[in-house]
Amino acid sequence: QVQLVESGGGSVQAGGSLRLSCAASGYIFSNCMGWFRQAPGKEREGVAILSSGGGSNYYADSVKGRFTISQGNAKTTVYLQMNSLKPEDTAMYYCAASPLRCSDLWYPGSASAFNVWGQGTQVTVSS
């Protein structure tokens, strides 16, 4: 059974940092893995994605320069380093994987193209 398990969420003050981790268990054929987030009353939005085989990473404009996505050596773990956190970063953060190429997936509403999802980890940033 394929699973993605997130960890690392929590509550921090504005300006603080958190590091999210996503570990894949079971066989996953994925070309693209990444992070999405969803705040109450809002649609799920892409935060950052990366190509499992290397290549370009993609970031939402709202997090560029503050967040960094990376993967572990075994390419079954994906991290999201979040610095200079803002209250508007408060959301449930989800890890996701897709067999498609990241270059084909970076557009509004692309969440539906990701076929494997984690359960989510809550990030709360207070002012």
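Position 1 is the first residue of the sequence; numbering continues from there.
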With rounding to the nearest 0.5 angstrom, report the [atom1] to [atom2] distance, [X] to [Y].
X: Thr90; Y: Glu88; atom1: OG1; atom2: CD; value: 8.5 Å
X: Tyr93; Y: Thr121; atom1: OH; atom2: OG1; value: 10.5 Å
X: Ser11; Y: Gln122; atom1: OG; atom2: CD; value: 7.5 Å
X: Asp89; Y: Thr124; atom1: CG; atom2: OG1; value: 11.0 Å
X: Phe67; Y: Asn57; atom1: CZ; atom2: CG; value: 14.5 Å
X: Leu4; Y: Met33; atom1: CG; atom2: CE; value: 5.0 Å

Residues two or more places apart in sequence or in another chain: which of them pass side chain to side chain contact (heavy atoms under 4.5 Å, CB included) with [X]?
X: Ser84; value: Arg66
X: Lys64; value: Tyr59, Asp61
X: Arg101; value: Ser103, Asp104

Nearest heavy-atom pair of [X] and [Y]: which atoms, and what distance?
X: Pro87; Y: Ser127; answer: CG-CB, 3.9 Å
X: Cys22; Y: Trp35; answer: CB-CZ2, 3.6 Å
X: Glu6; Y: Gly120; answer: OE1-N, 2.9 Å
X: Val12; Y: Ser17; answer: CG1-O, 4.0 Å
X: Leu105; Y: Ser98; answer: CD1-OG, 3.6 Å

Side-chain contact, heavy-atom cut-off 4.5 Å: [X] with [Y]?
X: Val123; Y: Met92; result: no
X: Leu85; Y: Leu18; result: yes
X: Cys102; Y: Asn31; result: no

Determine all donor-acceptor pairs shorter than 3.5 Å in which one atom belongs to a side chain in residues 43-52; sequence neighbours excluded.
from  : atom 1 : to    : atom 2 : distance (Å)
Arg44 : NE     : Gln38 : OE1    : 3.3
Arg44 : NH2    : Gln38 : OE1    : 3.3
Glu45 : OE2    : Arg37 : NE     : 2.7
Glu45 : OE2    : Arg37 : NH2    : 3.3
Ser52 : OG     : Ser30 : O      : 3.3

- Item | Same cluster (ILVMFWY, side-chain, under 4.5 Å), Val116 and Leu20 | yes

- Do you reckon Tyr58 sits in the same ILVMFWY cluster as Leu80, going by side-chain contacts under 4.5 Å, direct or chained? no

- Task: Kindly say whether Gly72 contributes a backbone atom to a donor-acceptor pair with the side chain of Thr77 at under 3.5 angstrom?
- Result: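 No, Thr77 side chain to Gly72 backbone: no donor-acceptor pair under 3.5 Å.
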
- Message: Could you check whether any side-chain N or O of Gln13 sits under 3.5 Å from a backbone N or O of Ser126, counting only pairs where one atom can act as donor and the other as acceptor?
- Response: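 Not confirmed, Gln13 side chain does not pair with Ser126 backbone.
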
- Message: If hydrophobic residues (ILVMFWY) are linked whenever their side-chain heavy atoms come closer than 4.5 Å, directly or via other members, who joins Val5 in its cluster?
- Response: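 Once heavy-atom contacts under 4.5 Å are chained together, Val5 still belongs with nothing else.
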
- May I ask you to decide if the ring planes of Tyr94 and Trp117 are parallel, tilted or perpendicular, using 30° and 60° as cut-offs?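 Rings of Tyr94 and Trp117: perpendicular, as their planes differ by over 60°.
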
- Item | For Phe114, ring-ring contact (aromatic ring centres under 6.0 Å, His included) partners two or more places apart | Phe36

- Message: Run Gln71 and Tyr79 through side chain to side chain contact (heavy atoms under 4.5 Å, CB included) and show every step you take.
- Response: CA-CA 6 Å; Gln71 62 182 9; Tyr79 304 99; 5.8 Å; no

